[in-house]
**Q** 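First the structure, then my questions, so here it is.
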Amino acid sequence: MSTRFVSFGTPNLIADRLPETHPLTWRLRGDGEPIWLDEYRSKQGYEGLKKALESTPDDVAALVKEAGLKGRGGAGFPAGVKWSLTAKGDEIPRGYLLCNADEMEPNTYKDRLLMEQEPHLLIEGMIIAAYANNSMRGYIFLRGEYVDAARSLNRAIAEAREAGILGDSVLGSGFDFELSVHTGAGRYICGEETALINSLEGRRANPRSKPPFPGQSGAWGKPTVVNNVETLCNAPSIMANGKEWYLDLALDGSQDGGTKLFGFTGRVNNPGLWELPLGTPAREIFEDYAGGMRDGYTLKAWQPGGAGTGFLLPEHLDAQMCSNGIAEVGTRMGTGLALAVDDKISMVALLRNMEEFFARESCGWCTPCRDGLPWTVKILRALEQGEGEQGDIEMLIDLVHKLGPGKTFCAHAPGAVEPLGSAIKYFREEFEHGISHPHREPQAEPIPLGQV
Amino acid sequence: MDTSFKHDTLIASDRPDDGFVLSDEERTAIEHEMHHYENPRAASIEALKIVQKRRGWVPDGAIYAISDVLGIPSSDVEGVATFYSLIFRQPVGRHVILLCDSMTCYINGYEEIRDTLKRELGIVPGQTTADGRFTLLPVCCLGNCDKGPTMMVDEDTHSHLDAAGVIKLLEAYA
């Protein structure tokens, strides 16, 4: 039955977590309570920051780049490269470091754990990133629903400020940095980098056209860096232990360094979240950690990392979970939290649910997304009820192309059609079934678009 | 910042005469928020949340009052208020149910929870019960996918929902 959760991830903690092998989760307590400053310091906390402050900002960015840290929010852009592109110099005003904590990608529940239980790890990572990017101020852009994360972060920020870790001259280094939590008010699109900046500025969260990139002109026209929570939480251990250690954490075959919070959900035996090396085969996560499918269900398809990634087949489970490993089987790793789709689920109904979400969450700024996504919903609802017409599948495929990369301001529409295109590719007969059986019973009661 | 010129004074006669006045606490809280950012406009979302926290929703008059405090056009405040899903521009119930309808909860059977709520509360998503107790809204993935189906009631997250239990747990919300 339902229970009021206190915090996250505790049932799935891997038993033997060491600082050398589990830099993100080794500090986590068994009881799920947040780790406050004293405990964090007693567990090597802020050691990475001290090392960073002893080197130059450019060296910090270079180290993160050479360590192969890629963005953990879904796009996988190399963090150190992003940092090295930020406008810095005597003539350039100090800008902003924004933490993207707007975790709303369907099937993503990793940043929540880090923020609720290890707030100081994020704060330390943010100060390191701010130092590398010469940022004067940071905001954690947190979705409004994460009330427990807000409490953890606000208390930890107060502790850090009191201890001289935030504010004027961080740890006596002469580097000033202020940090606060900015809570949002809903809307998935706020997680898009430039929409997030507009939202922070108090505007509608429409994406901005690029260039200029935020690194040149972001929040209030100043150089701005936007990084995901998990990305920033990797910075302290890279500083403390070095790039070779970080690169070696990943398994052979992975071009990304380090570990990652991986997950598997759906009707599996043990849905959860585990810190594992980049390059871990998806099969190992699915079978050994998630325990495979529950009795009575068989795996039909899976998605490697969030609603915006493509569907894969059981035969693809041997792919390594890393950006190059998943690219080899035709999609993106995304957030790395996978979803199992079982044989009792209709792909048409599932895609209808997903496209309803994407259509609802479109900001409406550009036409392909605003008009195209409701169109996919309309066709999918018809197919689901067995009322599809000849040409519907071709129309969906046409929309997959017209809403694809490069046709819109941001990645929302391309992310929406990636699962659709792959679902039609692998399960076309299910879509065709919606046309050939015009009087089949509806599988679910649809909600008219205007009502939700 | 120069706030001597206010866009809205030009159209003051068009404003609703609903007697809306910001309380001193609300005004102080909004003015405090303005200083957290480079530009007062950035406090617009937080200002709407401050009003909503006290009143449950954002009445028309609050849009103009906030625009006066922040020194930005009321149309901009309204644009923001109507964009964000957690800002309510009409009255809501004493408790707001945010039911996750994302794909993982779909696989875990959220539709049965939704149908149970619709039937037992006599409302569809987007509506408020006649007694003003509950408003039912869909919400983006709540980041609780390994414990779904899931929903929030006010600030509480509930996991592993089932149709029988969901009505019982609502009893705790008077």
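Just so we're on the same page: letters track the sequence lines, and every chain starts at 1.
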**Q** Is it the side chain or the backbone of B/I107 that comes within 4.5 Å of chain A heavy atoms, both, or neither?
**A** both
**Q** Measure centre to centre between the rings of A/F262 and A/Y289, then say whether the value is under 6.0 Å.
**A** no
**Q** Should A/F311 and A/L351 count as side-chain neighbours, where that means a heavy-atom distance under 4.5 Å?
**A** yes
**Q** Does any backbone or side-chain atom of B/L137 lie under 4.5 Å from a heavy atom of chain A? Answer side chain, backbone, both or neither.
**A** neither
**Q** Cation-pi check, A/R112 to A/Y109: give yes when NZ or CZ is under 6.0 Å from the six-membered ring centre and within 45° of the ring axis, no otherwise.
**A** no
**Q** Who wins among A/R203, A/R137, A/R267 for the most heavy-atom pairs under 4.5 Å with chain B?
**A** A/R203
**Q** Under 4.5 Å from any heavy atom of chain A, what part of B/V77 do you find: side chain, backbone, both or neither?
**A** neither
**Q** Shorter than 4.5 Å, heavy atoms on both sides: which option in A/R187, A/E103, A/E178, A/M104 has the most such pairs with chain B?
**A** A/R187
**Q** If the plane angle is over 60° it's perpendicular, under 30° parallel, otherwise tilted; pick one for B/H95 and B/F134.
**A** tilted
**Q** Which atoms of A/L337 are under 4.5 Å from chain B, going by heavy atoms: the side chain, the backbone, both sets, or neither?
**A** neither
**Q** Could you look at A/K110 and say if it's the side chain, the backbone, both or neither that has a heavy atom under 4.5 Å from chain B?
**A** neither
**Q** Checking heavy atoms, do the side chain of B/M103, its backbone, both or neither come under 4.5 Å from chain A?
**A** both
**Q** Quick one: what part of A/I345 sits under 4.5 Å from any heavy atom of chain B, side chain, backbone, both or neither?
**A** side chain
**Q** Would you mind checking which part of A/E201 comes under 4.5 Å of any heavy atom in chain B, side chain (CB onward), backbone (N, CA, C, O), both or neither?
**A** backbone
